[in-house]
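Here's the structure we're looking at; comments come further down.
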Amino acid sequence: MKGRASDIHIEPLEDKTRIRYRIDGVLQERLFLPTKVHSALVSRIKILANLKIDEKRIPQDGRFTFKLGDKVVDLRISTLPTVYGEKIVMRLLPKSGHAPTLQELGMRGSALKSFESNITKPNGIILITGPTGSGKTTTLFGALSKINSPRVNIVTLEDPVEYQIPGVNQVQINTQAGLTFASGLRSFLRQDPNIIMVGEIRDSETAGLAVQASLTGHLVFSTLHTNSAAGALPRLLDMGMETFLLASSMSAVVAQRVVRKICVECKKEYDPPEEAIQDIKNVLGNLINHKDVVKKMSEQEQKDIKEMEGEGKIKLFKGQGCDKCGDSGYKGRIGIFEVLLVSEKIGKLILERAPSNQIEKMSIEEGMITILQDGYMKALEGTTTLEEVLRVAIQ
């Protein structure tokens with residue numbers, strides 16, 4: 001907890017047990033234990049999480065709470081039988097009480113304006129996409145916290161409930177009892193909701209019910225596992241959605257990744273090599289010519305673009321590594337985003353079952369800033385590094 005880990009991996013190897021922490025999205029080896037203590041350690045964790053100690057052949061899931069000083073953390077436990085014994089992964093979910101705001105997450109400028117204008121609409125579907133661990137749920141809660149008020153009835157269906165928001169009716173999935181995303185969504189519609197949040201669209205039944213809910217006057221939020229914002233629309237068509245229903249119900253799709261922030265204690269400026277400068281100019285080049293997009297940007301983003309246009313030397317930043325950041329040069333994380341608005345032209349492409357690259361091309365023409373561009377602008381202003389953006393973003 002002191003090292004800001006989000007997950008703990010306890011892995012049995014042939015001759016020892018390896019303990020790794022995921023800090024700021026990257027796994028780091030921290031400890032090796034002798035093999036003889038592995039089964040005792042696993043049993044202890046299973047007892048805390050109310051799991052069956054004698055069941056070692058199938059995966060199990062559980063949870064327990066841990067307190068350190070005045071900090072409370074929920075631990076989500078998952079066991080998995082491997083060749084050398086049971087592997088355990090513990091996800092640490094701090095009970096911080098409040099979800100971060102969209103600005104704190106790193107959304108800004110035209111992307112923030114576009115997203116905020118859509119979350120205040122009375123109906124439609126808003127999807128957040130990205131791979132596992134890219135902060136989708138956190139963004140959803142940032143949006144829900146913003147629109148939460150006594151005048152609206154918000155119901156959420158989650159697996160598991162990660163953040164608790166006062167005044168929001170949050171429901172935990174329970175597949176063994178028959179409460180799935182699809183069955184829960186059906187019941188929700190009888191609860192007189194204004195806003196519905198479904199943790200994830202996993203199958204065609206859930207997708208169909210989400211579309212129906214949005215068409216009957218509800219605002220629906222959900223997440224989907226796709227690599228880009230444009231990829232979400234063909235993915236829903238693959239699930240069997242009707243093109244005309246999708247075109248009329250979708251409002252916006254947000255794709256996101258999380259990058260590590262440069263440690264402020266050991267941050268320093270450097271002159272990037274010529275290839276890096278050329279790469280930045282190639283990626284951000286079309287934004288310079290898109291004056292409408294530049295007008296909607298935040299002051300910082302406009303400053304980055306002006307720097308690109310000028311003949312001055314482009315400066316980048318990196319962390320040297322110090323005690324505060326564990327010699328990694330990074331401390332904390334921030335999101336990089338792309339917000340695709342489903343306009344009339346995009347709607348026509350959905351009706352024609354256009355591939356994702358065509359949808360993406362059209363949305364860039366209409367002023368969408370891509371994940372890569374957003375990441376490069378954050379690198380120019382010294383929030384993160386180019387290497388970090390390239391590690392997570394789509395090329």
Side-chain angles (χ1 to χ4, degrees), residues 1 3-23 25-68 71-96 131-138 140-141 156-164 170-185 197-203 205-206 222-225:
M1 281 167 72
R4 299 176 299 106
S6 62
D7 300 81
I8 303 168
H9 291 238
I10 300 169
E11 302 167 310
L13 306 176
E14 192 173 4
D15 53 351
K16 58 187 173 244
T17 291
R18 175 172 70 170
I19 313 277
R20 294 192 289 174
Y21 299 164
R22 190 178 291 279
I23 298 172
V26 179
L27 278 170
Q28 299 176 8
E29 284 185 348
R30 280 301 166 96
L31 191 62
F32 286 98
L33 300 173
T35 309
K36 61 183 180 193
V37 302
H38 183 79
S39 55
L41 177 62
V42 169
S43 297
R44 176 69 188 132
I45 292 167
K46 281 182 165 182
I47 289 166
L48 288 168
N50 281 326
L51 300 177
K52 294 176 183 169
I53 309 175
D54 55 342
E55 184 53 88
K56 298 179 181 186
R57 298 160 303 168
I58 56 166
Q60 296 185 71
D61 290 305
R63 61 193 310 158
F64 66 91
T65 303
F66 179 79
K67 200 171 179 192
L68 178 70
K71 286 184 184 171
V72 180
V73 164
D74 258 346
L75 286 106
R76 220 165 76 205
I77 313 301
S78 169
T79 73
L80 183 74
T82 70
V83 179
Y84 297 115
E86 283 183 285
K87 170 177 173 167
I88 287 190
V89 175
M90 304 199 274
R91 162 68 58 92
L92 279 73
L93 300 166
K95 286 193 169 177
S96 58
T132 308
S134 59
K136 300 187 293 294
T137 311
T138 311
L140 276 182
F141 278 103
T156 77
L157 195 55
E158 301 165 63
D159 184 22
V161 173
E162 286 187 31
Y163 292 98
Q164 287 169 351
Q170 295 173 268
V171 178
Q172 164 84 47
I173 285 289
N174 186 342
T175 24
Q176 287 166 329
L179 176 56
T180 61
F181 283 125
S183 66
L185 196 43
M197 193 276 262
V198 184
E200 192 186 329
I201 292 179
R202 289 180 184 167
D203 51 52
E205 194 182 1
T206 312
S222 192
T223 69
L224 195 65
H225 287 267

Look up atom CD1 in Ile19 and atom CG in Leu33, then write down how far apart they are to the nearest 0.5 Å.
4.5 Å
Considering non-hydrogen atoms only, spot the tightest contact between Ile201 and Leu224 and give its length.
O-CD1, 3.5 Å
Check whether Ser78 reaches the backbone of Val89 with its side chain - one donor and one acceptor, N or O, closer than 3.5 Å.
no
Which one of Arg20, Glu86, His38 satisfies the side-chain contact (heavy atoms from CB on, under 4.5 Å) criterion with Ile10?
His38
Taking side chain to side chain contact (heavy atoms under 4.5 Å, CB included) as the definition, give me every residue that meets it alongside Leu68, ordered by chain and number, with sequence neighbours left out.
Met1, Lys2, Phe66
Quick one: does Ser6's side chain have a donor or acceptor within less than 3.5 Å of a partner on Arg22's backbone?
yes
Quick one: salt bridge (Lys or Arg N to Asp or Glu O under 4.0 Å) pairs with a partner in residues 55-65, sequence neighbours left out?
Glu55-Arg57, Arg63-Asp74
Spatial distance of atom CG (Leu27) from atom CD1 (Ile8) [nearest 0.5 Å]
11.5 Å
Heavy-atom pair with the smallest gap, counting every atom of Ile77 and Ala49:
CG1-CB, 3.7 Å
Tell me every residue that passes ring pair (Phe, Tyr, Trp, His ring centres under 6.0 Å) with Phe181, counting only those two or more places apart in sequence or in another chain.
none
Using the salt bridge (Lys or Arg N to Asp or Glu O under 4.0 Å) criterion, which residues pair with Glu14? Sequence neighbours excluded.
none
Of Ile88, Leu80, Thr79, which is the lone residue that meets side-chain contact (heavy atoms from CB on, under 4.5 Å) with Gln60?
Thr79
Working to the nearest 0.5 Å, report the span between OG of Ser39 and NZ of Lys46.
10.0 Å
Glu200 and Lys136, any side-chain heavy atoms less than 4.5 Å apart:
no
Between Leu185 and Thr206 the two heavy atoms that sit nearest each other are CD2-O, 3.9 Å
Interatomic distance, Lys36 atom NZ to Leu41 atom CG [nearest 0.5 angstrom]
14.5 Å
Any Asp159 side-chain heavy atom under 4.5 Å of Arg202 side chain
yes
To check you understand the geometry: which heavy-atom pair defines the closest contact between Arg30 and Ile23, and what is its length?
NH2-CD1, 3.6 Å
For residues Ile53 and Ser43, report the shortest heavy-atom separation together with the two atoms involved.
CG2-OG, 3.6 Å
How would you list, by chain and number, every residue that makes a side chain to side chain donor-acceptor pair (under 3.5 Å) with Arg18, sequence neighbours excluded?
Glu11, Glu29
Check against side-chain contact (heavy atoms from CB on, under 4.5 Å), Leu75 and Leu92:
CA-CA 5 Å; Leu75 286 106; Leu92 279 73; 4.2 Å; yes
Let me confirm one number: the CG-CZ distance from Leu13 to Phe32, rounded to the nearest 0.5 Å.
7.0 Å
For Thr156, enumerate each residue passing the side chain to side chain contact (heavy atoms under 4.5 Å, CB included) test, keeping only those at least two apart in sequence or located in another chain.
Leu144, Ile154, Glu158, Val168, Gln170, Met197
Working to the nearest 0.5 angstrom, can you tell me the gap between Leu157 CG and Ser183 OG?
7.5 Å
Test your reading of the model: is there a side-chain donor-acceptor pair from Thr17 to the backbone of Pro12, 3.5 Å cut-off?
no
